[in-house]
Protein chains: 2
Amino acid sequence: MPKRVDHAERRTEIAEALVRVAGRRGLHAVGMRDVAAEAGVSLRLVQYYFETKEKLLLYGLEHLAERFGERVSARLRAAGDDPGPRATVEALLMAALPTDDESRTFHHLYTSYAVMAVHDRALAAQPFIKNPDAAEDALTGLLRQAQDADLLEPGVEPRLEATALLAMSAGLGTGVLVGQRDPESAAAVLDHHLNRVFRTGTATGPRHIGVLPARHDQRADGS
Amino acid sequence: MPKRVDHAERRTEIAEALVRVAGRRGLHAVGMRDVAAEAGVSLRLVQYYFETKEKLLLYGLEHLAERFGERVSARLRAAGDDPGPRATVEALLMAALPTDDESRTFHHLYTSYAVMAVHDRALAAQPFIKNPDAAEDALTGLLRQAQDADLLEPGVEPRLEATALLAMSAGLGTGVLVGQRDPESAAAVLDHHLNRVFRTGTATGPRHIGVLPARHDQRADGS
DNA sequence: ACCATCGTGGTACGTTCGTATCACGAAACC
DNA sequence: GGTTTCGTGATACGAACGTACCACGATGGT
């Protein structure tokens with residue numbers, strides 16, 4: 001049935017297969033054949049839509065970053081219409097923590113790509129710079145807003161604090177990922193730290209950390 | 001000349017070859033043959049001293065962690081006899097930042113191992129838990145000391161702050177590693193943050209960040 | 001109705017990898 | 001001094017990998 005096929009859609013399906021199998025066995029252990037099997041297509045097809053493995057990996061990273069952006073947006077939307085700067089910042093940072101399977105995979109693969117990017121210049125040109133810088137800008141903006149509304153402790157530098165928070169979130173995420181720390185502990189550290197950035201007694205009452213009930217629609221296959 | 005050979009020494013030499021070549025081309029791209037060539041021995045020898053690749057990698061990680069510990073100790077010693085808690089903490093955190101080739105390699109390989117450890121249980125049992133926990137304990141102790149000497153801002157929780165600082169340092173290190181941020185910027189963020197943890201006007205005058213002139217005795221081979 | 005093109009499968013090729021096997025010289029031991 | 005063990009080299013093997021090649025059915029254009 002070789003009807004005319006939507007290439008973009010097909011590529012997305014295959015990229016998602018890549019993400020799934022890489023999340024399950026590690027990016028370094030993924031071959032074209034694995035991706036093909038996971039996507040339920042032949043090896044030839046993977047070759048057809050992505051001529052080379054490098055291109056597949058590149059597209060996989062793009063796809064991953066995109067999905068992650070959507071996830072963060074969804075988290076922010078789920079935090080309510082105007083939840084106050086503190087809750088927004090918290091939602092942003094928490095979204096990056098590996099709390100469920102989906103975010104674990106994100107963190108894991110993103111780190112894998114980062115490691116590869118150290119020696120692969122094609123990868124190094126990818127969203128490792130662009131994407132986190134955007135996040136930093138957004139967070140800086142949020143903090144500046146909060147500062148203008150007199151919601152921050154004195155002496156807080158929005159830009160430096162944004163960088164620090166993002167780095168902290170990433171570092172904590174790695175700790176969670178390797179099993180050194182559990183997600184609750186990481187969230188607690190983040191929360192405590194935000195308490196030292198935001199003035200206490202603010203409107204938002206962040207008693208329990210807003211980790212959503214993890215309604216992830218990840219395909220429940222083999223693993 | 002098959003004199004009796006010190007196995008431990010030989011294994012160390014090979015492990016260092018592994019670290020060198022992995023730092024140059026990435027851990028995932030390293031084969032036994034590369035390690036053998038880098039160490040200047042035959043493939044058989046690598047097999048002889050480490051029966052399998054997995055054991056070689058495991059030992060490489062141990063060796064890496066050990067070297068890193070020595071590096072940190074050296075930094076601390078170089079900071080002076082009793083440089084005050086602030087300087088000690090700063091030296092500790094700065095040592096983890098990828099500022100020169102040696103620490104870049106450390107950070108890079110350590111992250112590579114961490115990624116592998118997600119799916120390799122033999123690796124997961126290795127110092128990923130033990131080692132950072134020790135660092136966290138040490139840092140917590142340092143902060144508690146400083147707190148007892150009334151050198152910290154009020155409201156600082158030593159344990160939580162230690163975790164946060166370490167995570168931040170790790171996250172910043174990754175940023176530096178992938179070229180998203182330069183070392184000076186990372187150091188500045190760390191410094192600013194420490195200013196919000198330690199009381200200002202303390203004895204130690206940390207005007208310029210104490211990144212040593214990087215007298216690293218790394219073998220200057222190919223790369 | 002023809003034909004060029006698209007989507008697809010099967011399979012083969014060359015390389016590289018980790019590991020195993022065989023062989024041998026030199027020392028250590030009794 | 002014989003023999004057993006140790007250190008070392010060369011090479012072979014089977015598997016897996018990424019990629020290339022070949023063939024063919026179906027479809028869309030004209």
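Note on naming: letters A, B, ... go to the chains in the order of the sequence lines (proteins, then strands), and numbering restarts at 1 for each one.
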Nearest whole Å is fine: how far is D:dA12 P from B:M32 CE?
21 Å

Is a side-chain donor or acceptor of A:Y113 paired with a backbone partner of A:L57 at a separation under 3.5 angstrom?
yes

Go through the steps for A:H119 and B:H28 under the test ring pair (Phe, Tyr, Trp, His ring centres under 6.0 Å), then give the verdict.
CA-CA 11 Å; A:H119 294 286; B:H28 68 282; 8.0 Å; no

Considering every strand and a 4.0 Å limit on heavy-atom distances, what is the contact class for A:Y49: base, sugar-phosphate, or nothing?
sugar-phosphate

When rounded to whole Å, the CD to C1' distance for the pair B:E54 and C:dG18 reads 12 Å

Whole-Å distance, A:E13 CD to C:dG7 C1', equals 14 Å

Pairing donors with acceptors under 3.5 angstrom, does anything connect the side chains of B:D100 and B:S103?
yes

C:dT19 phosphate, OP1 or OP2: any side-chain N/O from B:T52 under 4.0 angstrom?
yes

B:H28 atom NE2 is separated from D:dA16 atom P, nearest whole Å, by 20 Å

Pick base, sugar-phosphate or nothing for B:V46, based on heavy-atom distances below 4.0 Å to the nucleic acid.
nothing

Specify the residue among A:L45 and B:R44 whose closest nucleotide of DNA chain C lies further upstream toward the 5′ end.
A:L45

Answer yes or no: does a side-chain N or O of A:Y48 lie under 4.0 Å from OP1 or OP2 of C:dG7?
yes

Integer-rounded Å distance: D:dG7 P and B:R11 CZ:
13 Å

Measuring to OP1 and OP2 of D:dG7, would you say a side-chain N or O of B:H7 lies under 4.0 angstrom away?
yes

Nearest-nucleotide wise, let me know which of B:R10 and A:K53 is further upstream toward the 5' end of DNA chain D.
B:R10

Could you check if a side-chain atom of B:E136 sits within less than 4.5 angstrom of a side-chain atom of A:R181, using non-hydrogen atoms only?
yes

From CD of A:E9 over to P of C:dG7, roughly how many Å is that when rounded to an integer?
13 Å

Give a yes or no on whether the backbone of B:A117 and the side-chain of B:D120 come within a donor-acceptor separation of less than 3.5 Å.
no

When rounded to whole Å, the CG to P distance for the pair B:L43 and C:dT21 reads 15 Å

Give the rounded distance in Å between these two atoms: CG of A:D6 and P of C:dC6.
15 Å

If you go through the side-chain atoms of B:R33, does one of them form a donor-acceptor pair with the base of C:dG18 closer than 3.5 Å?
yes

Among C:dG7, D:dA20, C:dG18, which nucleotide sits nearest the side chain of A:Q47?
D:dA20

